[in-house]
Amino acid sequence: MEKYKNFINNKWIESESKETIKVDDPSNGKIIGEISCAKKNEVDLAVEAAKNSYNSRVLVDMPLLSRAKLMRKIAEETRKVSKEGGELLCYENGKNIASAIKEFNDVADMFDYYAGLTDKLEGKTIPVAKNVFDYTVLEPFGISAHVVPWNFPLSMIGRSLSCSFATGNSTIIKTAELTPLSATVFAKAIQNAGVPEGLINIICGYGNEAGSYLVSHEDVNHVVFTGSVATGKKILHACADKAIPAVVELGGKSAGIVYPDADLNEVLESARSGIFSVAGQICTAMSRLVVHKSIKDELVDKLVDMSKSLKIGPGIEKDTDLTPVISENQLQKVEGYARSGIQEGAEAAYGGKRLEREGYFMEPTVLNNVKQSMTVAREEIFGPVLSVLEYEDQEEAIDIANDTEYGLGAGVFTKDLKKASWTASKLEAGQVYVNKWFTGNHATPFGGYKQSGYSREKGVDGLKSYLQVKNVGISLG
Ligand code: NAD
């Protein structure tokens, strides 16, 4: 069995404890590799490496065009390993091979995108008084610790690391214990790109051990967390104790409103990717559809036909639409949610149970006649379970969509763009998709309202979270 290590100060480091974390393939439960488990000692080493690199000012003082060139080199090297890394990601996460390779290419795109912004981080001059020259400069925080989840292991690394690097911070990434292997392939790209030592460190250990120790470490002065609301709150507490900033990107319970004039084929395509790709384990999954009474039966029939047509199988098989969920625990949780929906009065128009085969496969599930009071409509399921709710008037549709503690994504399907923009203005969510789920890319700001978090990643807005403003006033006498 292949054994992977932590990447600290550009070296491959084994845990002093000799403990490892075993990783399985969710399509059959077989162990595919193990990684040396980072503990306090390895967190200390990673933070020390980041601190030394930051104090050396190797990135901070690097001419900005050179920083941009280095970022483009990272992008190039990441693309070169996208097939190797994508395969490992496909095996450890279970997702479709094309999506897994795309994650590596997305990381490369993010590095290319922010490379172009490194030399455009401009301050301003402020007219304080006749004899004062006052200006601002944007500076990095220093040592930035990023804790990432397992559903998009590489994209989430790329999203925060590209910003952190572009702005001159030194970074430590703590990968998720369920999917730590593919990040080691990315670490090879970092090495191949010639990134100076200590600027990027990638370690894996358990969340409640290495993760919590890392975010509380006295030398860490900036934290980025992507994951569940429960963990996010713990991390916010840890950051509050040290009065350091935290970027938090949390869970969701996104709803799409379907107006009577919607193109139902667009709704179907959106459901296919929005709730069934990556087995619904997407923070902005289209987990609820709020459908006008007049078209609900027709849409549910179409959703059932589409669900039946999905190609189910291991992500490594070409063109699979529905792949396994990440673990047996997750499968039990998702199946439990579907069962609770049925017990509370919803109808399983399709699916509702695990599939009788090896691996952690859940049937594509469409629950009809869901009421917003039901658990399935309120809690994040993180599996291929779509809840269909009915409404009669527009205001009611908005109320249902907003009736959640989350506020990550939302959608609207209509041919009437005036109605679409009215709806978008009423929806309490960080991103609103009109007529197609997931319209954004690396250039569009992404983040939550309400308990889904308050930070913004991606796009030009994303950079703000990684920089602090310094004001300098010079008396000219
Ligand atoms: P999680 O919160 O269980 O774990 C996320 C990471 O936090 C893992 O690396 C884990 O090891 C670490 N962790 C756990 N406890 C910790 C602690 N006490 N201190 C420090 N680190 C700790 O989440 P998950 O199950 O890996 O991911 C799924 C969740 O992530 C879902 O809620 C999903 O919606 C959310 N998510 C959000 C976004 C977004 O951009 N908003 C993107 C992807 C996933």
Side-chain angles (χ1 to χ4, degrees), residues 21 23 35 37-40 43 92-93 95 103 106 110 145-160 163 172-180 183 202-217 220 223-239 241 246-254 274-275 278-287 325-327 329-330 333-334 337 379-383 404-409 429-431 438 440 442 444-459 462 465:
I21 298 176
V23 179
I35 189 159
C37 176
K39 304 260 180 186
K40 186 172 177 295
V43 172
E92 67 177 344
N93 171 282
K95 68 175 57 181
E103 275 203 53
D106 284 348
M110 287 185 254
H146 303 188
V147 178
V148 299
W150 48 260
N151 64 333
F152 284 90
L154 257 290
S155 300
M156 296 301 97
I157 291 176
R159 187 169 84 173
S160 56
C163 263
I172 304 118
I173 291 155
K174 207 289 285 169
T175 54
E177 46 274 55
L178 289 167
T179 57
I202 305 180
I203 59 174
C204 183
Y206 291 105
N208 57 7
E209 214 174 46
S212 67
Y213 179 61
L214 174 65
V215 298
S216 316
H217 198 289
V220 164
V223 170
V224 182
F225 174 72
T226 307
S228 62
V229 172
T231 311
K233 286 180 181 172
K234 286 187 199 161
I235 285 179
L236 284 170
H237 279 290
C239 292
D241 279 345
V247 174
V248 282
E249 298 285 359
L250 310 177
K253 188 70 195 172
S254 308
I275 190 66
V278 198
Q281 303 163 120
I282 305 177
C283 52
T284 42
M286 184 213 262
S287 62
V325 299
I326 190 75
S327 64
N329 272 351
Q330 188 69 11
K333 192 175 132 200
V334 175
Y337 271 120
E379 296 186 10
E380 184 180 41
I381 298 176
F382 230 50
T404 158
E405 62 188 19
Y406 296 103
L408 197 54
Q431 33 278 309
F438 307 133
H442 55 266
T444 52
F446 181 94
Y449 277 31
K450 303 196 278 189
Q451 297 222 6
S452 295
Y454 47 75
S455 316
R456 290 296 173 271
E457 295 264 53
K458 306 200 294 181
S465 308

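First listed ligand is number 1; within each ligand, the first listed atom is number 1.
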**OP:** Write out the residue and atom name of the closest protein heavy atom to atom 40 (O) of ligand 1, then the distance separating them to 0.1 Å.
**Re:** R159 NH2, 2.8 Å

Original post:
For the side chain of S452 and the backbone of L250, is there at least one donor-acceptor N/O pair under 3.5 Å apart?
Top reply: no

Original post:
Which residue from F446, F225, W150 reaches closest to atom 5 (C) of ligand 1 through any of its heavy atoms?
Top reply: F225

Original post:
What pair of heavy atoms forms the shortest contact from S212 to S216, and how long is it?
Top reply: O-OG, 2.7 Å

Original post:
So does Y449 have more than 12 non-hydrogen atoms from other groups sitting under 6.0 Å from OH?
Top reply: no

Original post:
Does ligand 1 have any atom that is closer than 4.0 Å to a heavy atom of F382?
Top reply: yes

Subject >> Identity and distance of the protein heavy atom lying nearest atom 31 (C) of ligand 1 >> reply: E380 OE1, 3.5 Å

**OP:** Please confirm whether the backbone N or O of F152 pairs with a side-chain atom of N93, one donor and one acceptor, at under 3.5 Å?
**Re:** no

Original post:
Which one of P149, P153, G227 has a non-hydrogen atom at the shortest distance from atom 35 (C) of ligand 1?
Top reply: G227

Original post:
To the nearest 0.5 Å, how far apart are CZ in R456 and OG in S465?
Top reply: 9.0 Å

Original post:
For ligand 1, which atoms, with element, lie under 4.0 Å from some heavy atom of A176?
Top reply: 9 (O)

Original post:
Between E177 (side chain) and G207 (backbone), is there a donor-acceptor pair under 3.5 Å?
Top reply: yes

Original post:
In Å and rounded to the nearest 0.5 Å, what is the CD1 to CD1 distance from I381 to I275?
Top reply: 7.5 Å

Subject >> Closest to atom 1 (P) of ligand 1 (judged by heavy-atom distance), picking from A210, S228, P180 >> reply: S228

**OP:** Using distance alone, determine whether E177 and ligand 1 share an N or O pair under 3.5 Å.
**Re:** yes

Original post:
Closest non-hydrogen protein atom to atom 13 (N) of ligand 1, residue and atom name please, with distance?
Top reply: G207 CA, 3.4 Å

Original post:
Would you say Q281 contacts ligand 1, with heavy atoms under 4.0 Å as the rule?
Top reply: no

Subject >> Subset of ligand 1 atoms that lie under 4.0 Å from at least one heavy atom of M156 >> reply: 42 (C)

Original post:
Going by distance alone, is a donor N or O of one side chain under 3.5 Å from an acceptor N or O of the other, for S155 and E103?
Top reply: yes

Original post:
Considering only protein heavy atoms, which is closest to atom 43 (C) of ligand 1, and at what distance to one decimal place?
Top reply: N151 OD1, 3.4 Å

Subject >> Polar side chain donor-acceptor pair, K233 to Q451, under 3.5 angstrom >> reply: yes

Original post:
With backbone taken as N, CA, C and O and side chain as the heavy atoms from C-beta onward, which portion of Q330 lies under 4.0 Å from ligand 1: side chain, backbone, both, or neither?
Top reply: neither

Original post:
What residue and atom, counting heavy atoms only, is the protein's closest point to atom 8 (C) of ligand 1, and at what distance?
Top reply: V148 O, 3.3 Å

**OP:** Can you see which heavy atom on K253 is nearest to which on E379, and at what distance?
**Re:** NZ-O, 2.8 Å

Subject >> Part of V229 within contact of ligand 1 (heavy atoms, under 4.0 Å) >> reply: neither

Subject >> Sole candidate of I173, V223, I172, I235 that passes side chain to side chain contact (heavy atoms under 4.5 Å, CB included) when paired with L214 >> reply: I172

Subject >> Identity and separation of the nearest protein heavy atom to atom 15 (N) of ligand 1 >> reply: T231 CG2, 3.3 Å

Subject >> Distance filter under 4.0 Å to G211 heavy atoms, resulting ligand 1 atoms >> reply: 19 (N), 20 (C), 21 (N)

Subject >> Where ligand 1 meets V147 - atom numbers and elements under 4.0 angstrom, heavy-atom basis >> reply: 6 (C), 7 (O), 9 (O), 12 (C), 21 (N)

**OP:** Report yes or no: does Q281 contribute a side-chain atom to a donor-acceptor pair with the main-chain N or O of W150 at less than 3.5 Å?
**Re:** no

Subject >> Side chain K450, main chain T404, donor-acceptor under 3.5 Å >> reply: yes

Subject >> Heavy-atom proximity to atom 39 (C) of ligand 1, best of C283, S212, A238 >> reply: C283

**OP:** Could you list which atoms of ligand 1 come closer than 4.0 Å to a heavy atom of T226?
**Re:** 5 (C), 37 (C), 38 (C), 39 (C), 40 (O), 42 (C), 43 (C)

**OP:** Please report which non-hydrogen protein atom sits nearest to atom 41 (N) of ligand 1, along with the residue it belongs to and the distance in Å to one decimal place.
**Re:** L250 O, 2.7 Å

